[in-house]
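This report refers to the structure that appears directly beneath it.
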Amino acid sequence: MNILASAIQKIYKERFTEDPSLFFSPGRINIIGEHIDYNDGFVMPAAINKGIYYAIALNGSNDIQFYATDVDEYYHTTVATIHKESSWKNYVLSVLNQFQKIGIELKGFNCVFGGDIPIGSGLSSSAAVEGGLAFAVNELLQAGLSRKDLALLCQRAEHDYPGVKCGIMDQFANMMGKKGEVILLDCRSLEHHYFPIQLDGWEIVLVNTKVHHSLAGGEYNKRRKNCEEGLKILQTNTSIQSFRDVKDIHELLPFKTAMGEEVYQRCLFVVEEIKRTQSASACLQQNDILGLGKLMYATHVGLSELYDVSCKELDWLVDYAQQNKAIAGARMMGGGFGGCTINIIQKEAVAEFTHAVSTDYLEKFGRQPEVYVVETSDGVTAL
């Protein structure tokens, strides 16, 4: 058992009497395929070795007690009085509400959770919080839901109390991840394929801008609405029912005036990114890391200029990476407006890059970035 899991278990035993079960719920990276999970696209995520640890046990009553160690906050409710709240509470309570909505009878439990996944960093701390609790409750109650069922339940939970109309990618990667593999996920059918991520001589390195993003702030939902508006206009051409049906970006041009510039740019990014993700899958399977890197840089340009979800810190980090020959590719990752860049860097260059980017970013923005080397991981697991 690692240090964090032991610490969560220790805190639980200091507060409660039962012997808890322990679970690890991973964050995720996404190699490529951003903002297209809610647009019927393909994405390429992997679970990672940073996440949330849960200690949890039934308590023989109707009381539900949470202690969130990372923010040092306690919350108490009962099985009969689960309702919308604020902040982290909405993510756990919405999961419980979804169990009740599908007719699963909850029992009282005590729960302590915390982890090493930075909130608002684009590593999907929200899906890790949701997934860990959903998996644990499913186990404790012997409810019999599959991992795919739980991923969909967690997506509904994020739509509900927190109000973030996310696609399925984060929850799917959290539940379905496999160590050493990435998932090529078709977000329309949920058909998915695993293939090894062969990074011989390369590392996946994340640089956290320390610009905190909150997707519940409305901009994420606004992008989704833009895409829905654009798709509705495209559907006036009966051969196009989904962005997947747009074979070439030139097919968008006749609709540009009807869409208006903003909606057109959002749709253009989506169509291009769906194609890039399919190309990236081929690159990874052929072990063409440099080809993959070029696609990552192109994705960042699209996210920054067409989808308008970047920020000056993210753009600076990607420009900085592009000047370094030891970096195959880089882009912003996650919902945007802050969070991390994902970089594929030659192993022997990681230490030098970490020192240089930390020094130069601090000088430029007056804020120390965080740099993490991450590895792929299995989905939610009992420890």
Side-chain angles (χ1 to χ4, degrees), residues 25-30 33-41 43 45 47 51-52 66 68 70-71 75 82-99 101 113 115 117-135 149-176 185 187-188 190 208-209 211-229 231 266 269-270 273 303 307-311 314 332-340 380:
S25 181
R28 64 98 192 94
I29 53 170
N30 183 29
E34 214 64 81
H35 281 279
I36 56 173
D37 57 343
Y38 54 83
N39 284 307
D40 285 344
V43 292
I52 304 290
F66 287 103
D70 295 338
V71 288
Y75 181 76
I82 292 164
H83 62 281
K84 189 173 178 178
E85 267 281 359
S86 61
S87 69
W88 62 268
K89 304 173 198 75
N90 271 341
Y91 292 91
V92 292
L93 293 170
S94 200
V95 166
L96 298 180
N97 180 48
Q98 291 302 320
F99 273 102
K101 279 188 169 183
F113 69 96
I117 181 169
I119 293 165
S121 61
L123 302 183
S124 202
S125 55
S126 59
V129 168
E130 293 154 358
L133 180 63
F135 190 90
D149 292 337
L150 291 169
L152 290 164
L153 181 147
C154 290
Q155 182 193 23
R156 294 194 301 273
E158 191 148 339
H159 287 187
D160 197 352
Y161 290 0
V164 179
K165 304 300 182 187
C166 62
I168 190 59
M169 176 180 71
D170 296 353
Q171 292 81 9
F172 199 92
N174 168 262
M175 284 290 166
M176 307 291 287
L185 171 64
C187 296
R188 180 161 64 180
L190 296 192
N208 187 356
T209 60
V211 176
H212 180 88
H213 75 182
S214 171
L215 298 185
E219 285 298 321
Y220 182 96
N221 289 348
K222 188 180 169 195
R223 297 303 181 283
R224 184 166 186 157
K225 194 164 180 292
N226 287 156
C227 293
E228 286 167 357
E229 287 171 19
L231 183 59
R266 307 295 188 250
F269 168 76
V270 168
E273 186 71 349
L303 287 164
Y307 221 66
D308 195 22
V309 290
S310 189
C311 63
L314 288 166
M332 62 149 275
M333 187 183 70
F337 317 106
C340 287
V380 188

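No side-chain donor-acceptor contact under 3.5 Å links Asp37 to the backbone of Cys187. Arg224 contributes a side-chain N or O that, together with a main-chain N or O of Lys165, makes up a donor-acceptor pair within less than 3.5 Å. Side-chain atoms of Glu130 do not come within 3.5 Å of backbone N or O of Val95 as any donor-acceptor pair. Although no hydrogens or angles enter the test, the distance criterion places no donor-acceptor pair under 3.5 Å between the side chain of Arg266 and the main chain of Lys225. With Glu158 contributing its side chain and Tyr91 its backbone, the two residues share no donor-acceptor pair below 3.5 Å. Checking side-chain atoms of Glu273 against main-chain N and O of Gly33 turns up a donor-acceptor pair under 3.5 Å. Between the side chain of Thr209 and the backbone N or O of Gly339 there is at least one donor-acceptor pair closer than 3.5 Å.
Atom CZ of residue Arg188 and atom CD1 of residue Ile168 lie 16.0 Å apart, to the nearest 0.5 angstrom. The NE2 atom of His83 lies 12.5 Å from the OG atom of Ser94; values are rounded to the nearest 0.5 Å. Separating the CH2 atom in Trp88 from the OH atom in Tyr75 is a distance of 8.5 Å, to the nearest 0.5 Å. One finds the SG atom of Cys227 at 10.5 Å from the CD1 atom of Ile36 (value rounded to the nearest 0.5 Å). Rounding to the nearest 0.5 angstrom, the gap separating the CG atom in Asn221 from the CG atom in Asn226 is 11.0 Å. The NZ atom of Lys89 sits 11.5 Å away from the CZ atom of Phe66 when rounded to the nearest 0.5 Å.
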Evaluate the side-chain contact (heavy atoms from CB on, under 4.5 Å) criterion for residues Lys84 and Asn90: first the C-alpha distance (whole Å), next the side-chain angles of each, then the deciding distance (0.1 Å), finally the verdict.
CA-CA 6 Å; Lys84 189 173 178 178; Asn90 271 341; 3.5 Å; yes
Carefully, step by step, assess Val309 and Glu219 under the rule side-chain contact (heavy atoms from CB on, under 4.5 Å).
CA-CA 8 Å; Val309 290; Glu219 285 298 321; over 6 Å; no
Would you check, one step at a time, whether the test side-chain contact (heavy atoms from CB on, under 4.5 Å) holds for Phe172 with Arg28?
CA-CA 10 Å; Phe172 199 92; Arg28 64 98 192 94; over 6 Å; no
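The nearest pair of heavy atoms linking Leu314 to Gly338 is CD1-O, 3.5 Å. When all heavy atoms of Ala128 and Ser25 are compared, the pair lying nearest together is O-OG, 2.6 Å. Of all heavy-atom pairs between Ala173 and Pro45, the closest is CB-CB, 3.8 Å. When all heavy atoms of Met175 and Ala134 are compared, the closest pair comes out as CE-CB, 4.5 Å. Smallest separation of non-hydrogen atoms from Asp308 and Phe337: O-CE2, 3.8 Å. Closest approach of Leu185 to Met169, counting heavy atoms only: CD2-CA, 4.3 Å.
Under the side chain to side chain contact (heavy atoms under 4.5 Å, CB included) test applied with Lys101, the options Leu153, Leu96, Asp160 reduce to a single match, Asp160. Checked options Val380, Val129, Leu150; the residue passing with Asn174 is Val380 (criterion: side chain to side chain contact (heavy atoms under 4.5 Å, CB included)).
For His35 and Tyr307, the distance between ring centers is under 6.0 angstrom.
For Tyr161, there are no ring-ring contact (aromatic ring centres under 6.0 Å, His included) partners at least two apart in sequence or on another chain.
At a threshold of 4.5 Å between non-hydrogen side-chain atoms, the residues Gln171 and Leu152 do not count as touching.
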